[in-house]
Amino acid sequence: MKVIILGSTSSIAREIGRQLAQPSDEFVLIARNLEEAGRDAADIAIRTGATVKVVECDVLRFSEHANAVTKAIDLLGGLDGVLVCFGYLGDQLKAQTDFGEARRIIETNFTAAVSIVELLAGILEEQASGFILGLSSVAGDRGRQSNYIYGASKAALTVYLQGLGHRLAASGVKVKIAKLGFVETKMTRGLQTVPRILRATPQAAADGVLKLLGSRSEVRYVPRIWWPIMLLVVFLPGFIFKRTRL
Amino acid sequence: MTDNSNADTQILSGWNRFPVGKTGFREVDDLFLYYREDCPRIVRGNGRSYGDSSFCTEGVTFGMLPRNRLLSLNETTGVLRTEAGATLDEILRAVVPRGWFLPVTPGTKFATLGGCIACDVHGKNHHLCGNISSFVDSLTMLFPDGSQTTCSREVKPDLFWATCGGLGLSGMIVDATIRLKKIETSYIQVRLDKCQNLDAVMALLQDQPEKFHYSVAWMDCLARGKRLGRSILMRGDHSRREDLPAALRATPFVTHGDAQISLPFDLPGAALNPLSVKLFNAAYYHKLRAKTQYHTQHYDPYFYPLDGIGHWNRLYGRRGYLQYQCVLPYETARAGLAYLLDAFSGSGNGSFLAVLKTMGEEAGPLGFPKPGFTLALDMPASGAPLLDLLDRIDQEVTDLGGRVYLAKDSRMKPVWLPRMYPRLEEWRSVIRKYNPQSLSQSHLSRRLGLTA
């Protein structure tokens, strides 16, 4: 299998790479930090026997996307799947007063995804096979005061991938969305907002993502417990919701 | 207590859950987290040592598990470079299929490589191969002030030898380069011998020690009288291809799986008592029907018998347990071991896990092994009478020229340290040289006054 991992230095992406790769696979990791990506690539290759290469790309530099995609496809000599793993949590309070921060959240999580995934979608559509799997978030299910800018960007990503999935259905390309709850990663380090029992490890998150990949579903809450939780959250009447500190 | 508001406060301990301590805990996703604060700190791997060397109650404990990437493996020479948070379990899964094994391994594969080096662990082959440091080619170190350096036997050897066995007190091991051992199969040819008493097992352990690569004896430490020290000696060598039965020869490199069973809750404190342990020990000893037996065994149950039971430390209940491991020089070992066995079996402290090995040469200044016999025993952490007994035992061990393994220690008093570790001052001066602000501290280092 030939797979591109976008945002490979994410803690979850690293675990997905380790669990997904087989000795006959070829992976390309695309990330901003070439040195870190190189270490991740070496690690996946040693653990799994797959061939793993790296391409440097900053997702916020939209003009670089086409080049990065071409390079990656050249290195692989084909493409079977794409994992969209980059994201930026940002600082909600800062984003409320500093538009630069808000913009960074939105552009990393949504705009950059649209830019680079469209390029890859076109390639997969033409060959009429493959998959795209994106890491979205339960925060996109309902906007709440503690992270609505992040939540909005993830909601946008979710809808984008749903629509893309609709478009690509005709050609047999699968698009899947993992709605992740709280995962203990570099990105969430230091956050105390969620009780410990609800925090997932990157390994558990990767496990759920792989289950999604192997199933027929389009969407999956990872871990599964978030499905009933978000059902409650989404249907909570406004006058009650507004009294919460969520 | 420093203000480290982003660190998560946790209650941590060693694997034996005694003692426990409250500490600020932070995972080292990025190295800069380690040196950006100005507080006492210690580095923690997977917390599989016993005692209190892996947490720091006066500051922050830095968790190394995220730093677990395997960086390079030379498939011709078996030289592996890896981040220090990689567990032996992860390393084995990667290298066994390629025909490599760990040159020295402790009794659990869930320890991190960095942790193993910090304790300078020994295995069942110490009498022939020494500690894991014998196979470490170099270390990359990070200090609380942010500086990094490499060290090895040739480059900054003082730092290298202070780090191997230094219990994390010289700084953070970022990554390590080790030389793996070539294997033909993932099995061990095992020879079991029943030994009726202490003299029998000591004699057999010392009989042609180079004949078997691995040797360890399980001892029934509750047996008394003429059965004192009755044991099962388990010696082994890596199986060659032709040693394997035909059924296994097709796939010679089978790695281990995950633990199949797990203890879901703590057993009540009384579960392991002198009677139940005596019964277990008798059954285990007599399970071996013949005097000598040979068989082929996968490396996992041979080296890591307890890893197969998830959360096995729950056998001892919530109050936890202690492990006492000491080494006694050959000259005094017979008397010392008899004293130890007598003291433990007489005190009503039931231990089903008593292990005897022989040891070879010393390594670094704070390294534990020295030529002689080492005995390790687990016992429930039952309270003050046991602690008093262990204090008396410390005295006897010191008087006999032996010492206690600090990586297993939960309760020793500092008074014995200088005689047990005569190179302590030498070690301290190296620590001071590389850690002038003395920011590396653990609960153990405080208790023993190690860096004082």
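Here is the naming used below: chain letters follow the sequence lines, and residue numbers restart at 1 for every chain.
- Residue contact with chain A, scored on non-hydrogen atoms closer than 4.5 Å, involves the side chain of Leu33(B) exclusively.
- Identified by a heavy-atom distance below 4.5 Å to chain A, the contributing residues of residues 93-102 of chain B are Ala94(B), Arg98(B), in residue-number order.
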Contacts under 3.5 angstrom, residues 221-228 of chain A side chains, donor-acceptor by atom type, not counting sequence neighbours:
unit_1    : atom_1 : unit_2    : atom_2 : d
Tyr221(A) : OH     : Asp141(A) : OD2    : 2.4
Tyr221(A) : OH     : Lys179(A) : NZ     : 3.4

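- Atom CZ of Arg103(A) is surrounded by 12 or fewer heavy atoms from other residues, nucleotides or ligands within 6.0 Å.
- Evaluation of the salt bridge (charged side-chain N to carboxylate O under 4.0 Å, His left out) rule for Lys154(A) yields no partner, not counting sequence neighbours.
- Taking CG of Asp29(B) as the start and OG1 of Thr9(A) as the end, the distance is 11.5 Å to the nearest 0.5 Å.
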Donor-acceptor contacts under 3.5 Å from residues 34-46 of chain A side chains, at least two apart:
unit_1   : atom_1 : unit_2   : atom_2 : d
Glu36(A) : OE1    : Arg69(B) : NH1    : 3.2
Glu36(A) : OE1    : Arg69(B) : NH2    : 3.0
Arg39(A) : NH1    : Glu83(B) : OE2    : 2.9
Asp40(A) : OD1    : Arg14(A) : NE     : 3.1
Asp40(A) : OD1    : Arg69(B) : NH1    : 2.9
Asp43(A) : OD1    : Arg47(A) : NE     : 2.9
Asp43(A) : OD1    : Leu70(B) : N      : 2.7
Asp43(A) : OD2    : Arg18(A) : NE     : 2.7
Asp43(A) : OD2    : Arg18(A) : NH2    : 3.0
Asp43(A) : OD2    : Arg47(A) : NE     : 3.3

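- More than 12 non-hydrogen atoms from other residues, nucleotides or ligands lie less than 6.0 angstrom from CZ of Arg314(B).
- Other residues, nucleotides and ligands contribute only 12 or fewer heavy atoms inside 6.0 Å of the CZ atom of Arg61(A).
- For Lys2(A), the NZ atom is densely surrounded, since the number of other residues' heavy atoms within 6.0 Å is greater than 12.
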